[in-house]
Novice: 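I'd like to ask some things about the structure below.
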Amino acid sequence: MSLPAVETTTLHWQGLSSTAFAAGQGPIVLCLHGFPDHASSFRHQLPALSKAGFRAIAPTLRGYEPSSQPADGDYHMVRMAEDVVGWIDDLGQEKITLVGHDWGG
């Protein structure tokens, strides 16, 4: 049995761009990595979520790549939460499922 393909896409919000890995079609599951992890931390979960009927997306968070580094250097947690809300808007969604991972999470 083959696993669903993982693609690369880009999410946009307030002039910043974040690369994301995505797989599948259906209701969106947004998978957020912690520090110092990366979006690729979800490489095994994206195909599994896709197979279960979801559109699984793991974005690279603010500051991890040049296109997502704000000119004002603001990496406050509130800005990162606003990024997530902006990505949900960019995806044209009102409601998603959110999965988060961090140390001890």
Novice: Would you check if Leu61 and Ser18 make a side-chain contact, meaning some heavy-atom pair closer than 4.5 Å?
Specialist: no
Novice: Find the distance between NE2 (His12) and CG (Asp83) and round it off to the nearest 0.5 Å.
Specialist: 13.0 Å
Novice: Checking Arg43 side chain against Ser40 main chain: does a donor-acceptor pair fall under 3.5 Å?
Specialist: yes
Novice: Is it true that the side chains of Ser41 and His33 contain a donor and an acceptor less than 3.5 Å apart?
Specialist: no
Novice: Please tell me if the side chains of Val29 and Arg55 come closer than 4.5 Å, counting only heavy atoms from C-beta onward.
Specialist: no
Novice: I need the single residue from Val84, Asp90, Leu16 that forms a side-chain contact (heavy atoms from CB on, under 4.5 Å) with Leu11. Which is it?
Specialist: Asp90
Novice: Which atom pair, heavy atoms only, marks the closest approach of Trp87 to Pro59?
Specialist: CZ3-CG, 3.4 Å
Novice: Would you check if Thr97 and Leu30 make a side-chain contact, meaning some heavy-atom pair closer than 4.5 Å?
Specialist: no
Novice: Short question: side chain of Thr10, backbone of Thr19 - any donor-acceptor pair under 3.5 Å?
Specialist: no
Novice: Whether the side chain of Ser67 engages the backbone of Ser17 through a donor-acceptor N/O pair (distance < 3.5 Å, no angle test) should be reported.
Specialist: yes
Novice: So, the side chain of Gln69 versus the backbone of Arg62: is there a donor-acceptor pair under 3.5 Å, distance only?
Specialist: no
Novice: Quick one, Tyr75 and Pro70 - any side-chain contact, counting heavy atoms below 4.5 Å?
Specialist: yes
